[in-house]
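See structure below.
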Amino acid sequence: MNRPESDKENQSRQRDGNNNDSPGSVNPDYKVRKRDEKTVDHFVEAILDGNRPSLSQAITLLESRKELHRAKGEQILEKCLPHTGDSIRIGITGVPGVGKSTFIESMGSILLEKEMKPAVLAIDPSSSRTGGSILADKTRMRTLSSHPKAYVRPSPTSGSLGGVARTTRETLLLCEAAGFNVIFVETVGVGQSETLVHSMVDLFLLLLIPGAGDELQGIKRGIVEMADMVAINKAEKANRTDAERAKRDYENALSLFPPQPSGWVPPVMLCSALENEGVEKIWEKARSYIDQSRAGGWFSKRREEQAIDWMNEVIERELQDRFQQHEKVKKQLPVLKDQVRKGETSPFSAADQLLEIFNK
Ligand SMILES: Nc1nc2c(ncn2[C@@H]2O[C@H](COP(=O)(O)OP(=O)(O)OP(=O)(O)O)[C@@H](O)[C@H]2O)c(=O)[nH]1
Ligand SMILES: [Mg+2]
């Protein structure tokens, strides 16, 4: 049957990450019909039960542009909230090709051996995720993509960075409700997105490659400053000398930053994600960071601050949206813009007038 939505459904199925969740291509209506028929309580029950297809469907609802779907997603999330929070949230950043996905696959596999349940989310602000790159991620994360105790959810394929960040946060919470207890959020280390990821994780890990300075790696100072840990990846034998040098350079660079309030000094470690070398040590270090920050109260403090930041962000975006949608503002905005351009009205006065209209 050729239905107009079939493309969209295809995309959403691709975005669902775990192909093995898909009920198959026999009946293309299956997923959507199921999703629409299921009540909020059905969803909540299934998610709390660790049911991945329901989790995927609920995330798709949250990502939807349809108000009705989104609202349903929000209700599901709201009911799942009491069951969230019980995970270690790890942000991973680094330039394209540094080995983030390979690293997550390696660490995630170690965690599976330890009977933990890893989930992987991604924020890709380039919004250029295509079926091809999602497929590439699946091959990089072969074990995690197919393991029954793991979950991989590719970045939403469209939307503003703010919108993507919002659904990623919501997705993270749903994953926790579904019982995933280590959540990785992968992002490309070139722009704003790492600030967002930093604001949603307990530990922020910066991946680097040996033999290239900051400038060459396109890593901004601010990103290095945000890191709780640094790992030099691809540190196999052939790259060992360069890797050691990079380690020393970064240790020096990090020692110049003011120490974290907890007193933690971000360690610089070496690994080869491809050969699973050094990754377990990094996990152990990450654990000790989490243990230490839990014991010192920093862990919950960071989460509390993040919760407030999220709230503020949502308010800001909501207000922006409402402002932009306000009928009278919409009418007056182009007029005032024109006046500001011509210098007939000052930007401040124009803004005041618009806010006045909005507030009435
Ligand atoms: N030699 C070596 N190659 C690695 C290592 N880790 C990853 N690679 C290779 O580096 C390439 C990129 O790896 P990815 O894991 O896709 O890198 P990424 O950072 O996730 O890339 P993007 O998602 O595109 O930003 C692949 O060809 C990997 O096989 C490593 O430890 N050593
Ligand atoms: Mg990747």
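Both ligands and their constituent atoms are indexed starting at 1 by order of listing. Not measured: the values here are computed from a predicted model.
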So Glu318 and Arg322, salt bridge (Lys or Arg N to Asp or Glu O under 4.0 Å) or not? Walk me through it.
CA-CA 6 Å; Glu318 268 296 312; Arg322 284 188 205 174; 3.4 Å; yes
Run the numbers on Tyr151 and Cys175 for side-chain contact (heavy atoms from CB on, under 4.5 Å), then give the verdict.
CA-CA 8 Å; Tyr151 183 72; Cys175 286; 4.0 Å; yes
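Rounding to the nearest 10°, we obtain 90° for the angle at the Mg ion (ligand 2) between Glu186 OE2 and Ser101 OG.
Every salt bridge (charged side-chain N to carboxylate O under 4.0 Å, His left out) that Arg245 has, sequence neighbours left out, goes to Asp242.
With distances taken over non-hydrogen atoms, the option nearest atom 17 (O) of ligand 1 out of Pro210, Gly99, Ser272 is Gly99. Looking at Glu275, Lys100, Arg140, it is Arg140 that brings a heavy atom closest to atom 27 (O) of ligand 1. Across Ser101, Ala273, Gly97, heavy-atom proximity to atom 20 (O) of ligand 1 is greatest for Ser101. Which of Met141, Glu186, Glu105 comes nearest to atom 23 (O) of ligand 1 through a heavy atom is settled by distance: it is Glu186.
Around the CD atom of Glu284, the shell of radius 6.0 Å holds more than 12 heavy atoms that belong to other residues, nucleotides or ligands.
Against a heavy-atom cut-off of under 4.0 Å, Pro96 is close to the following atoms of ligand 1: 25 (O). Under a 4.0 Å criterion applied to the non-hydrogen atoms of Glu236, ligand 1 contributes the atoms 1 (N), 2 (C), 30 (C), 31 (O), 32 (N).
For the ligand labelled ligand 1, residue Gly94 lies outside the 4.0 Å heavy-atom shell.
With a heavy-atom cut-off of 4.0 Å, Asn233 touches ligand 1 through its side chain alone. Within the 4.0 Å heavy-atom criterion, both parts of Lys234, backbone and side chain, lie near ligand 1.
In this structure, a donor-acceptor pair under 3.5 Å is present between the side chains of His42 and Thr39.
The cluster map of Ile, Leu, Val, Met, Phe, Trp and Tyr, joined by side-chain heavy atoms under 4.5 Å apart, puts Ile232 and Leu274 in different clusters. Taking hydrophobic clusters as Ile, Leu, Val, Met, Phe, Trp and Tyr residues chained together by side-chain heavy-atom distances below 4.5 Å, Ile290 shares a cluster with Val279.
Taking NZ of Lys149 as the start and NZ of Lys117 as the end, the distance is 7.0 Å to the nearest 0.5 Å.
Residue Cys271 has no N or O atom closer than 3.5 Å to an N or O atom of ligand 1.
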